[in-house]
Amino acid sequence: MVKKPCISLDDLRRQVEACRACPLCEGRTNTVFGVGNPQARVLIVGEAPGKNEDLQGEPFVGAAGKYLNELLGLAGLAREDVFIANVLKCRPPGNRDPRPEEIQTCTPYLREQTRTINPEFIVTLGNFATKFILKTDRGITGLHGKLQMAGRFKVFPVFHPAAALYDSKKRVALEDDFVTLGHLLKQAASAD
Ligand code: URA
């Protein structure tokens, strides 16, 4: 089988910036392509930009982002080590849930980002990212902290940090899961 060539992240970013494929483009201040190490071992996938992300054009810059940086530390990672992207590249109005047709229209970008970055691990934050990456209907409550495979990628689903901010049970589970992620990363590196 002939493999499709990867699109560079710069070309993909330009495509996202110019995208008018769905009505979310009307309300955006900025597209939020993603940020981080283009050769990351770990790709973090969130849901969609919120207000701060839309204003700054960068994912996870608000309260959930500050918490995500702390969580990464529990796994021995810094924000600069990973690549952070979302299922949707534009903010849904009022931070409502992404709609199925928006996910369908937008996710070819995430798919190409994943092919280009070619991470070893994909950490999915919450239900939307997990369901899209794993092509499952199973919810995050049953899947979090359990390593899965999607093609050649190791997928580690966890609760969304924004959902855990005000729910102490989820917070404990999320922090435990990031500690586990650190162990999985070490194990995989020593098996290389
Ligand atoms: N929540 C997300 O899922 N993504 C962001 O970029 C910010 C908050």
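As the structure lists them, so they are numbered: ligands from 1, and atoms in each ligand from 1.
- A side chain to side chain contact (heavy atoms under 4.5 Å, CB included) with T107 is found for exactly one of V87, T114, L88, namely V87.
- For ligand 1, the protein residues within 4.0 angstrom (heavy atoms only) are G46, E47, A48, E53, P59, F60, N86, H160.
- Judged purely by distance below 3.5 Å, without hydrogens or angles, the side chains of N118 and R152 pair a donor atom with an acceptor atom.
- We find that E175 and K170 are not joined by a salt bridge, their nearest charged nitrogen and carboxylate oxygen being 4.0 Å or further apart.
- Within a 6.0 Å radius of NZ in K169, no more than 12 heavy atoms belonging to other residues, nucleotides or ligands are found.
- Looking only at atom types and distance, the side chain of K89 has a donor-acceptor partner in the side chain of Q113 under 3.5 Å away.
- Using a 4.0 Å cut-off between charged side-chain N and carboxylate O, E112 and R115 make a salt bridge.
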